[in-house]
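This report refers to the structure that appears directly beneath it.
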Amino acid sequence: MDMNQYLDMFIEESKEHLQAINANLLLLESDPGNIGHVKEIFRSAHTLKGMSATMGFEDMASLTHEAENVLDLIRNQKLTITSDIMDAIFQSVDLIEGMVIDITEGGDGSADVSAIVKKLRAIVAGDFSAEQEVAAATMEVEAPQEESTPAEDHELDDYAMMVLKQSQELGNNVLWIKVTLNENCLLKAARSYMVFDQLESMGEVIKTKPAVEDIENERFEQSFEIAYVTEQSIEKVRTTILNISEIQDVTIETIQLKSEAPPAPVVQQTPAPAEKGAAEAPQAPVKKATAGGKTIRVDIERLDILMNLFSELVIDRGRLEQLAREIGKNELQETVEHMSRISGDLQNIILTMRMVPVEQVFNRFPRMIRDLQKDLNKKVNLEIIGAETELDRTVIDEIGDPLNHLLRNSLDHGIESPADRKKAGKPEEGKIELRAFHSGNHVFIEVKDDGAGINKDKVLKKALERGIVNPATADSMSDKQIHELLFAAGFSTAEVVSDISGRGVGLDVVKSKIESLGGSVSVDSVRGQGTTFLIQLPLTLSIISAMLVQVQDEKYAVPLSSIIETAVFKKDQIMMAHRQKVIDFRGRVVPLVSLQDIFQVPDNGETMEDEVAVVIVRKGEKMAGLVVDSFIGQQEIVLKSLGKYLVNVFAISGATILGDGQVALIIDCNSLIK
């Protein structure tokens, strides 16, 4: 059977399961007593093992199986979680992630897993008693030897007997099930998986013969056997299994635990493929990681083409609306209005198709911070805010590395050691805040720490040593200018070269990457209190809602998402403060910005009225009033680039073509608000 057609699906689902495993491992580390987290990890690991075995990636399947053995002991409270055990599981996940990356890049997903497998087996063996060590040793026996062992020569081990006895005392049915497949069954592993899947939904599989790994790799004849616990009746269990195609026969017996029952078949101690055990104490509910729904993967280039085509349609729609108003025919106006409504709905769908939450990027960072703080012997709490903020897919794919670099920088250079923080009167645990929010037609991402702040003297000294700053101008530089030196090429204040920082590849890489996306990055710091890096990124949407305004003979578009309100003020209401024109807007002093002065718009000679039209815009908590001549009205506009020759034009984010063919520049309000 050709598995290549399923490769893309395997890669995507593997990434989702690995993300879920990482997230739940972090929760488990902070709350080791919550077995619910272990169940979630076990569920994802088991699915990942089954998928990798089916696809033929043996190294991945075997490593995941060994990790499952450890998780199985933890979830059944046979093993106490320690830092070393968590590290070993994290290492396993890292290695599996590396295999998935290799497969993504066209490799076969093979890797040397012997070292970590040895470590995982040592963890399992080291926790067993003398009697159980024998059983643990048999876990390392190869599958063919297991297949050759007659079932009737063994009994269920003490641990399995204990679980079955507890389940029976709680009133559950304790069953031994033998499932026989049709002789002509082609995909035995797939059928057995369907059997396990159905049984998992009704109870818990305690043991299997042969081992789960052998069943998934089709290393069995026509039948396999299961020790099973359920609240359901024997008949319902039998009917459920027989409803699966290519099942020839199902034999079910009740295991008699309180009397001398005939010896039951033994199975090697392997992780159960299910975890809904009625025998286990109820745990706090854990949010389940969703692993995909009814989705279709579409090439981003196709969405780009679709967006461009619709952009042209929006321009024509604007022209039609204008013509309908000029002609004044009711029938034409009604038809155009209907078309506008339909195209508006279509527009919303197309725009949202490209938008994905930044959560996809943010989710990878808690694990990174966890590993780094251990390497640096620091205590840090990462707080993520606004992960639901949506950004264009093309930008999402690119911002991971810059954010990774900034977070590493905050942890390495920003957050002090616990001893230093204690001396400074701070909590030993530092705080890093990763926050995303919308403002206007931009998304802002903030990386903020409560560390030592930037040592501007040290920065200036390094800049002088490297010749980045002229000694003659160094004394007159402001704090902000000194902070911006961090983005100079090759600048680093690290005293020791490490894997974390100090290799001369510094924040200049971050700045270059963000600017290549049409964004910008800035830094603000207070010595002893912390540092904040602020990234501004364009939404890169081709269509936005805007307010058209008139400035002399020119038209401008102000993104509606930046506007708080439009208002008209009398000239005598305008005041002066610090040589800046301001107005009183609902009790707040708001500075005025004249678009005519900013863009040097030629005066058309018309006399100014006694009133001033103002557009109140915002950037986060800050506000400004844009002075215009008049308001034209709200309109959907197509955002067009100014081209390669007009890059970085101050306060202009692009241009649009209006319905009458005129070009209006789109104002970047964030640049005008100080």
Side-chain angles (χ1 to χ4, degrees), residues 8-24 44 97 100-101 104 287-311 345-368 382-407 433-447 510 513-521 534-545 559 561 638-639 641 653:
D8 287 343
M9 187 185 303
F10 168 78
I11 291 169
E12 289 301 317
E13 291 191 8
S14 295
K15 289 178 179 177
E16 290 167 0
H17 285 300
L18 286 168
Q19 180 61 57
I21 290 171
N22 265 318
N24 281 294
S44 295
E97 284 179 340
V100 173
I101 291 171
T104 305
K287 186 178 178 183
K288 207 173 176 182
T290 56
K294 296 179 180 178
T295 58
I296 299 175
R297 294 187 177 92
V298 181
D299 193 318
I300 193 70
E301 290 182 3
R302 292 189 180 184
L303 292 180
D304 288 338
I305 295 169
L306 180 62
M307 181 67 77
N308 290 333
L309 289 172
F310 190 77
S311 297
D345 292 341
L346 179 59
Q347 171 185 322
N348 290 333
I349 292 172
I350 293 173
L351 293 182
T352 53
M353 280 170 65
R354 294 178 57 89
M355 303 295 282
V356 289
V358 293
E359 182 181 21
Q360 289 193 13
V361 180
F362 285 9
N363 278 348
R364 73 177 75 163
F365 297 130
R367 167 67 198 284
M368 182 197 78
L382 175 65
E383 185 176 352
I384 294 176
I385 303 169
E388 71 284 352
T389 304
E390 290 190 329
L391 196 54
D392 190 278
R393 176 58 191 262
T394 52
V395 179
I396 284 283
D397 291 340
E398 301 292 334
I399 62 169
D401 288 342
L403 287 177
N404 186 8
H405 202 111
L406 289 178
L407 287 166
E433 188 177 288
L434 179 59
R435 176 172 171 248
F437 59 93
H438 280 122
S439 179
N441 57 340
H442 288 81
V443 166
F444 288 84
I445 299 177
E446 193 175 75
V447 179
V510 173
K513 188 66 175 177
I514 297 299
E515 288 180 347
S516 71
L517 297 171
S520 62
V521 59
L534 186 65
I535 296 174
Q536 175 182 320
L537 292 164
L539 286 174
T540 65
L541 297 183
S542 295
I543 303 167
I544 60 173
S545 297
S561 52
V638 178
L639 183 61
S641 169
S653 58

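Applying the side chain to side chain contact (heavy atoms under 4.5 Å, CB included) criterion to Glu398, with sequence neighbours excluded, gives Lys513, Leu517. By the side chain to side chain contact (heavy atoms under 4.5 Å, CB included) test, Ile385 pairs with Glu383, Glu433, Arg435, sequence neighbours left out. Under the side chain to side chain contact (heavy atoms under 4.5 Å, CB included) criterion, Asn404 pairs with Phe365, Met368, Arg408, not counting sequence neighbours. Scored by the ring pair (Phe, Tyr, Trp, His ring centres under 6.0 Å) test, Phe362 finds no partners at all (sequence neighbours excluded). Every residue meeting the side-chain hydrogen bond (donor to acceptor under 3.5 Å, both in side chains) condition with Ser545, not counting sequence neighbours, appears here in chain and number order: Glu636. The salt bridge (Lys or Arg N to Asp or Glu O under 4.0 Å) check on Glu388 picks up nothing, with sequence neighbours excluded. Listed by chain and residue number, Asp94, Asp371 satisfy the salt bridge (Lys or Arg N to Asp or Glu O under 4.0 Å) test with Arg367 (two or more places apart in sequence, or in another chain).
Nearest heavy atom pair, residue Ile514 against residue Pro402, reads CD1-CB, 4.0 Å. When every heavy atom of Ser14 is checked against every heavy atom of Val100, the shortest pair comes out as CB-CG2, 4.0 Å. Taking both residues in full, the closest heavy atoms of Gly400 and Val361 are given as CA-CG1, 3.7 Å, listed atom of the first, atom of the second, then distance.
Interatomic distance, CG of Leu306 versus CD1 of Ile349, reported as 10.5 Å (0.5 Å rounding). Summarising the geometry, atom NE2 belonging to His17 is positioned 8.0 Å from atom CD1 belonging to Ile21; distances are rounded to the nearest 0.5 Å. Distance check, rounded to the nearest 0.5 Å: CG of Leu537 to OG1 of Thr389 gives 11.5 Å.
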Side chain to side chain contact (heavy atoms under 4.5 Å, CB included) between Ile399 and Ile535, intermediate numbers included: CA-CA 10 Å; Ile399 62 169; Ile535 296 174; over 6 Å; no

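Side-chain contact between Val395 and Val443 is absent, with no heavy atoms from C-beta onward closer than 4.5 Å. The closest side-chain heavy-atom distance from Val510 to Leu403 is not below 4.5 Å. Between Ile445 and Leu406 the shortest side-chain heavy-atom distance does not fall below 4.5 Å. The closest side-chain heavy-atom distance from Leu407 to Leu382 is below 4.5 Å.
Checking side-chain atoms of Ser44 against main-chain N and O of Ala20 turns up no donor-acceptor pair under 3.5 Å.
Legend: side-chain hydrogen bond (donor to acceptor under 3.5 Å, both in side chains) pairs involving residues 357-366, not counting sequence neighbours: none detected.
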